[in-house]
There are 2 protein chains.
Amino acid sequence: MKDIVTVSEAIVTREGAQALTMRRLAKELDTSPMAMYRHVADKDQLLVLVLDRIVARIERPALPEDPRQRLTVLWCLLHRELSRHPWAVEVLAAGDLMAPSVLWLVESILGAFVDAGLDHPAAATAYRAVWHYTVGEIFVQTATDRRTAELDRSPLSITMVSEVEQETMPHLAKLADEWTTARKSDAYPSGLSALIDGFITTA
Amino acid sequence: MKDIVTVSEAIVTREGAQALTMRRLAKELDTSPMAMYRHVADKDQLLVLVLDRIVARIERPALPEDPRQRLTVLWCLLHRELSRHPWAVEVLAAGDLMAPSVLWLVESILGAFVDAGLDHPAAATAYRAVWHYTVGEIFVQTATDRRTAELDRSPLSITMVSEVEQETMPHLAKLADEWTTARKSDAYPSGLSALIDGFITTA
DNA sequence: ACCTGAACACCGTTCAAGT
DNA sequence: ACCTGAACACCGTTCAAGT
């Protein structure tokens with residue numbers, strides 16, 4: 001049955017990867033947990049199958065001429081899609097986003113880096129750096145969200161610093177207020193353009 | 001007993017965070033699992049305690065005058081220490097590295113960004129961007145290592161592309177060979193300097 | 001104060017047995 | 001071929017009872 005993947009996706013998008021258990025999945029399919037192992041090697045493989053289906057649905061956007069703009073469009077697209085499925089980051093991380101169904105995206109990004117003046121090895125390095133930045137951004141965002149949800153208090157505050165160590169840590173003290181608001185705003189594009197600029201201008 | 005933290009650290013540095021279970025910890029301390037709950041609220045808190053101890057041991061390095069060089073030294077230091085304890089990334093991620101014992105590091109980094117010409121909000125943004133990059137790099141590295149260890153094959157290869165889609169994906173095809181070697185080399189510094197350059201030159 | 005055993009409510013996965 | 005029940009070897013955590 002391929003419904004296994006469909007039902008798994010429903011669970012995972014609604015409640016996250018940790019909600020997907022073989023027992024739960026079997027129950028929703030009205031069979032026994034062990035029946036799953038006829039169709040899927042183990043839980044990891046199941047997650048990969050779900051991910052592949054989601055990622056295959058990403059639509060190819062219209063791409064601007066300018067390579068720098070193209071890079072922004074492509075990476076922001078990827079970032080947006082992954083933000084919707086933060087559980088996927090863990091699955092993806094090991095493979096540098098090598099699911100066959102998004103190879104067009106990787107190819108487009110590499111092409112844009114090349115068009116911007118990088119040679120092929122440099123484009124690969126740049127690709128991996130931005131990929132790490134993207135993964136990290138989503139990972140930290142997700143971890144922060146989860147933690148603030150569990151404990152219902154604001155994320156680890158920096159305010160203690162402003163009270164205790166005004167003189168020894170002037171910069172932290174100065175930022176105490178802005179820190180929390182900065183965290184909320186979507187800072188992905190700013191880091192992205194810094195990273196792209198850095199790679200392009202060095203080339 | 002504070003030995004709880006000591007024993008936990010030993011387990012965690014030797015075998016990773018997933019090897020630390022309350023039952024295992026209790027066994028190594030010759031007590032019952034439930035005795036732990038007298039000294040520690042839950043497993044998460046225990047990991048935070050271990051992390052805090054490790055991080056407190058990071059020694060303050062001699063810092064160069066030049067802010068750009070200072071940033072490189074500081075971030076590479078942090079990256080190196082965290083690479084040694086990849087399990088910690090998950091614990092740290094939620095808090096933007098706000099453990100009191102490393103505030104000096106955060107302060108130094110912010111100071112270097114300011115000395116390089118950023119105003120305070122920009123320094124905070126830059127800090128967070130590089131933090132995300134650092135977390136992502138370690139996260140991907142760890143995930144790749146783990147996966148290649150479990151399956152004893154090379155990481156998800158790109159070679160299928162070079163065979164099947166030579167014409168439609170020329171850049172990927174061209175990089176097929178170099179990809180795996182690129183993954184091995186330590187590319188952290190290159191992305192770091194691109195990111196720093198990008199932020200400094202825009203300021 | 002601190003520790004204990006037994007239990008609860010779970011996991012992923014194996015294995016022999018069924019149809 | 002596919003499914004099943006029972007079991008294995010685990011988890012974190014609670015709770016009433018012990019010293």
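In what follows, every chain begins at residue 1, and chains take the letters A, B, ... in the order their sequences are listed.
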Please collect all side-chain hydrogen bond (donor to acceptor under 3.5 Å, both in side chains) contacts where either partner lies in residues 189-198 of chain A, sequence neighbours excluded, each pair once.
A:R68-A:D197
Which residues pass the side-chain contact (heavy atoms from CB on, under 4.5 Å) test with B:R84, sequence neighbours left out?
B:E81
Any luck finding a side-chain donor-acceptor pair between B:S108 and B:R60 under 3.5 Å?
no
For A:Y188 and A:S83, which I'm curious about, is there any donor-acceptor pair between the side chains at under 3.5 Å?
no
Roughly, in whole Å, what's the span from CE in B:M36 to P in C:dC2?
12 Å
Stems in DNA chain C, runs of 3 or more consecutive Watson-Crick or G-U wobble pairs with both distances under 3.5 Å, sorted by first number, are C:4-8 with D:12-16, C:12-16 with D:4-8
With rounding to the closest Å, how many angstrom separate the C1' atoms on C:dC2 and D:dA16?
15 Å
Taking atom P in both C:dC10 and D:dA9, compute the distance separating them and give it to the nearest angstrom.
22 Å
Spell out protein contact along nucleotides 4-16 of chain C as letters: B when the base is contacted, S when just the sugar-phosphate is, - when no protein heavy atom is under 4.0 Å; keep the 5' to 3' order.
BBBB---BBBB--
Can you measure from CD (A:E107) to CG (B:L172) and round to the nearest 0.5 angstrom?
4.5 Å
Hey, would you say the A:Y127 and A:W75 ring centroids sit under 6.0 Å apart?
yes
Hits for ring-ring contact (aromatic ring centres under 6.0 Å, His included) against B:F139, two or more places apart or cross-chain, chain-then-number order -> A:F139
Can you list everything that forms a ring-ring contact (aromatic ring centres under 6.0 Å, His included) with B:F113? Sequence neighbours excluded, please.
none
Can you find a side chain N or O atom of B:H39 that sits less than 4.0 Å from OP1 or OP2 on C:dC3?
yes
